[in-house]
Student: 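Here you go, one structure.
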Protein chains: 4
Amino acid sequence: MARTKSEDKRRAILDAALSVFAERGTWSTPTAAISRAAGVAEGTLFTYFPTKEILMNELYRDLKSELAEILLASFPSDGDVRTRFQHLWQGYIRWGVTHPDELKVLAQLQVADQITPESREVGRAPFVEIERIATEAIAHGYLHDYPVAYHSMLFDTLAEMTIAVIASEPNTTVDYAMIGFDVLWRGTSRS
Amino acid sequence: MARTKSEDKRRAILDAALSVFAERGTWSTPTAAISRAAGVAEGTLFTYFPTKEILMNELYRDLKSELAEILLASFPSDGDVRTRFQHLWQGYIRWGVTHPDELKVLAQLQVADQITPESREVGRAPFVEIERIATEAIAHGYLHDYPVAYHSMLFDTLAEMTIAVIASEPNTTVDYAMIGFDVLWRGTSRS
Amino acid sequence: MARTKSEDKRRAILDAALSVFAERGTWSTPTAAISRAAGVAEGTLFTYFPTKEILMNELYRDLKSELAEILLASFPSDGDVRTRFQHLWQGYIRWGVTHPDELKVLAQLQVADQITPESREVGRAPFVEIERIATEAIAHGYLHDYPVAYHSMLFDTLAEMTIAVIASEPNTTVDYAMIGFDVLWRGTSRS
Amino acid sequence: MARTKSEDKRRAILDAALSVFAERGTWSTPTAAISRAAGVAEGTLFTYFPTKEILMNELYRDLKSELAEILLASFPSDGDVRTRFQHLWQGYIRWGVTHPDELKVLAQLQVADQITPESREVGRAPFVEIERIATEAIAHGYLHDYPVAYHSMLFDTLAEMTIAVIASEPNTTVDYAMIGFDVLWRGTSRS
DNA sequence: GATGAATGAGGATTCATTCAT
DNA sequence: AATGAATGAATCCTCATTCAT
């Protein structure tokens, strides 16, 4: 057999794309810059990702699922609603703050016309857990009876904003992570 | 007079850029497509906007100030805090829902590396009114004592999200505009 | 007004394409080589011919009509059938022998998949004169009653072959032009 | 045994090249398409044909000799001149009509710059039989005293043209094969 | 020998910008 | 100022060929 397509190389390219996209902006980044950063030949990139567009979509899915994985790690399935929400919230914020590149690129890909509806669907999938909790919480009367998709989106939007604020004020003493969660909770819970 | 005509052309280019950006995506749009849509020659665009980057920045500021202008029109300066906030909120939502192109392009420009910090600053300026109200409201104990910039951002973020939800569910009976404001108010007010 | 698209430049590009195609082969010739030979910038070629394929088609039509023009110049409309055929024949042979580049490129384009049916149709058009003579000659019983398209093709094929032979034996004393016409005439006439 | 298998693969590649060339055009066909069609790995192609150019030349020679073989099969060595010529003619026409792919590819290779003079020489070799008959026929005064190479070329050219005509008019009732031979015979014989 | 991943030199276009008219 | 042809750097991708397995 010939050299087998290496998972390492695939990852290297994806990682390189992430960091170069973050540095130069997704649309100003030539594929050549990615392959160079990945330490592979220009053509090699295309044996792993047939087009730049496909690469962008794969990266998008990759980031989304990486985030989801982190959020659901050590998830306190038996905590109360607030605890579980807070766990997700803290995980999200921490990830965002410690992964500024990922966050920036994700924000760019989010509005990119190249990201297909399928990718967006796949990207949303891992976040169903949040919706599951919301559904249950609504049934128990803990949360206002809004569409679960709305709760989920609210969570996501506020978390992203919170991360952005934290990133933009590195030296603040304000605990935006806590404030943000308070706003979310007061805004949506019934108590 | 030459001056009058020029202003027309400037607007035509800006309007064309908006609609073509919305249709084809900001980064896939060549300047030639803009000038064509504007009904001017390719070169003419550059007598009004020396570079594409400058055009993007001008458009960004333009959209931001158009929005601000609308929000502050017939502003009930003497209403109570909730009334004034709600007026801004409703104006924002209405504008967003009726101007999907503007909204989409703004979302793309928001994450564009080409938008300078100066433009972002200028773009924020018209929203100081919101901060002014917030400042006052905090002083009177109506709102939680968070940084006013945070209140402002929260307002902005939730409104944008609300608009997006409304746009994505054209036939819903859910009054997302109202829900959104409730969440915002409960989340930030003290009562 | 801006610089107007110059007919000169169009010709220069077409001429350059002809000579570079002849030298390097149609399929091994990059567009950059053509523009360089034409003395224009790489991009300029594309303002005159949107794609290489279109350039090839235009060149094909151009060569075909140049040939037709020459054949029909000073055409002895009132000569007898043999005289008229011979005039066309001699013109063809002379053109082919004195324009080896044109002939070589035409031969390559003839079999190119890029040449559209429309171009082939257009390319055939100028040769209707030959068919006209044939039609008349058949009616008068001078020529065998074969389809006129067949007569025309025969003429063309034999002429091309004759030119090729002459080109390949520059120092021969054999009068292939005459031989060829004799073969054609004996082969198709009735006398 | 290794040797047997190799010969199989060589043929498979040559056959694949033929059919893919016919379908996509010789110059638009990547070697990868050939190897795929042949059911071998991309690299394997190069163990049989060190370069694409060599493959093209081998295919050219192969087609030429396949044709020659067919023409000379069951050749009526003792027939009269006309009979022998006619046998060759019919064989050629029949082959061409039943092997459109071969014919098309041969036509493209004929004008390819990649075909070496040596290959062209080799390709002509099998047709010496025709020249032999011509030589004899001239000596006996049956044929006009033109260079034998010329007779051979004429035969070839007219046959190819005839095949092309037949191929382009599948439903005609005209017997182009017969017409073509008549033209050739009248054009070159002395009777 | 067979495989197919890796390579990197092109190659056809695109496009922001310039500049002659 | 307006025009649009001219420019050529930059870009995505292709493909013949090499080479590790």
Side-chain angles (χ1 to χ4, degrees), chain A residues 1-6 9-10 27-36 38-55, chain B residues 1-3 5-6 9 27-36 39-56, chain C residues 1-6 9-10 27-36 38-55, chain D residues 1-3 5-6 9 27-36 39-56:
Chain A
M1 204 198 4
R3 275 169 282 189
T4 178
K5 238 189 255 183
S6 100
K9 221 158 257 177
R10 205 190 117 89
W27 294 272
S28 327
T29 300
T31 55
I34 301 172
S35 45
R36 195 180 323 118
V40 301
E42 287 187 35
T44 301
L45 185 150
F46 293 93
T47 74
Y48 287 88
F49 306 94
T51 68
K52 190 188 184 185
E53 201 167 317
I54 290 177
L55 169 58
Chain B
M1 208 205 318
R3 184 65 192 152
K5 192 170 176 199
S6 284
K9 243 163 222 173
W27 295 274
S28 328
T29 299
T31 56
I34 301 172
S35 45
R36 193 179 326 117
V40 301
E42 288 185 36
T44 303
L45 185 151
F46 290 91
T47 74
Y48 290 89
F49 306 94
T51 70
K52 191 190 186 186
E53 201 168 317
I54 290 177
L55 168 59
M56 287 172 67
Chain C
M1 208 197 0
R3 275 167 284 187
T4 179
K5 239 189 254 183
S6 100
K9 218 156 259 178
R10 206 189 114 88
W27 295 273
S28 328
T29 299
T31 56
I34 301 173
S35 44
R36 195 179 325 118
V40 301
E42 286 186 37
T44 301
L45 185 149
F46 292 91
T47 75
Y48 288 87
F49 306 95
T51 68
K52 189 187 184 185
E53 199 167 319
I54 290 177
L55 168 58
Chain D
M1 207 204 319
R3 184 65 190 152
K5 192 171 174 199
S6 284
K9 245 164 219 171
W27 294 274
S28 329
T29 299
T31 54
I34 301 172
S35 45
R36 193 179 326 118
V40 302
E42 289 186 35
T44 303
L45 185 150
F46 291 91
T47 75
Y48 289 90
F49 307 94
T51 70
K52 190 188 185 184
E53 203 167 315
I54 290 177
L55 167 60
M56 287 172 66

Student: Starting at the 5' end of DNA chain E, which residue's closest nucleotide do you reach first, B:T51 or A:Y48?
Tutor: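 Of the two residues, A:Y48 wins.
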Student: Enter the distance from C:K52:NZ to C:T29:OG1 here, rounded to the nearest 0.5 Å.
Tutor: 6.0 Å
Student: Taking the side chain as everything from C-beta on, heavy atoms only, tell me whether B:Y48 gets closer than 4.5 Å to B:S6.
Tutor: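 Contact flag for B:Y48/B:S6 side chains = yes.
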Student: Evaluate D:E42 against D:T31 for side-chain contact (heavy atoms from CB on, under 4.5 Å), listing each step before the verdict.
Tutor: CA-CA 7 Å; D:E42 289 186 35; D:T31 54; 5.9 Å; no
Student: Rounded to the nearest Å, what distance is computed from the CZ atom of residue D:R36 to the P atom of nucleotide F:dA16?
Tutor: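 Value for this atom pair: 11 Å.
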Student: Can you check the D:K52 NZ to F:dC15 P distance for me, whole Å?
Tutor: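 After rounding, the gap between these two atoms is 8 Å.
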Student: Is there a side-chain contact (heavy atoms from CB on, under 4.5 Å) between B:L55 and B:I34? Walk through the geometry before answering.
Tutor: CA-CA 11 Å; B:L55 168 59; B:I34 301 172; 3.8 Å; yes
Student: With respect to the phosphate group of E:dA12, does any side-chain polar atom (N or O) of C:T31 fall under 4.0 Å of OP1 or OP2?
Tutor: yes
Student: Would you say D:F49 and D:M56 make side-chain contact, with heavy atoms under 4.5 Å?
Tutor: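 The answer is no, as the side chains (C-beta and beyond) never meet within the 4.5 Å cut-off.
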Student: Any strand counts, and the cut-off is 3.5 Å on both contacts for Watson-Crick or G-U wobble. Which nucleotide pairs with E:dG8?
Tutor: F:dC15
Student: Using a cutoff of under 3.5 Å, can you pull out all pairs of nitrogen or oxygen atoms linking the protein to nucleotides 8-10 of chain F, with atom names and distances?
Tutor:
unit_1, atom_1, unit_2, atom_2, d
F:dG8, N7, C:G43, N, 3.0

Student: How close or far is atom C1' of F:dC15 from atom CH2 of D:W27, stated in whole angstroms?
Tutor: 17 Å
Student: Heavy atoms under 4.0 Å, any strand shown: does A:T29 hit a base, just sugar-phosphate, or nothing?
Tutor: sugar-phosphate
Student: Rounded to the Å, how far apart are B:L45 CG and E:dA16 C1'?
Tutor: 10 Å
Student: Rounded to whole Å, how long is the line connecting atom CG of B:L55 with atom P of E:dT17?
Tutor: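 The answer, rounded to whole Å, is 10 Å.
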Student: Starting at CD1 of B:I54 and ending at P of E:dA16, how long is that distance when rounded to a whole Å?
Tutor: 14 Å
Student: Minimum heavy-atom separation for C:K5 to C:T47, with atom names?
Tutor: NZ-O, 3.4 Å
Student: Could you check how far CZ of C:F46 sits from C1' of E:dC15, rounded to whole Å?
Tutor: 13 Å
Student: Rounded to whole Å, please give me the gap between CD1 in D:I34 and P in F:dC15.
Tutor: 11 Å
Student: Once you apply the 3.5 Å cut-off to both distances, tell me the Watson-Crick or G-U wobble partner of F:dT21, or none.
Tutor: E:dA2
Student: Taking the nucleotide of DNA chain E with the nearest heavy atom to each, does A:K9 or B:P50 sit closer to the 5' end?
Tutor: A:K9
Student: Let me spell it out: for each of A:E53 and C:T47, pick the nucleotide of DNA chain F with the closest heavy atom. Which residue's pick is nearer the 5' end?
Tutor: C:T47
Student: Can you find a pair of side-chain heavy atoms, one from A:F46 and one from A:S35, that are under 4.5 Å apart?
Tutor: no
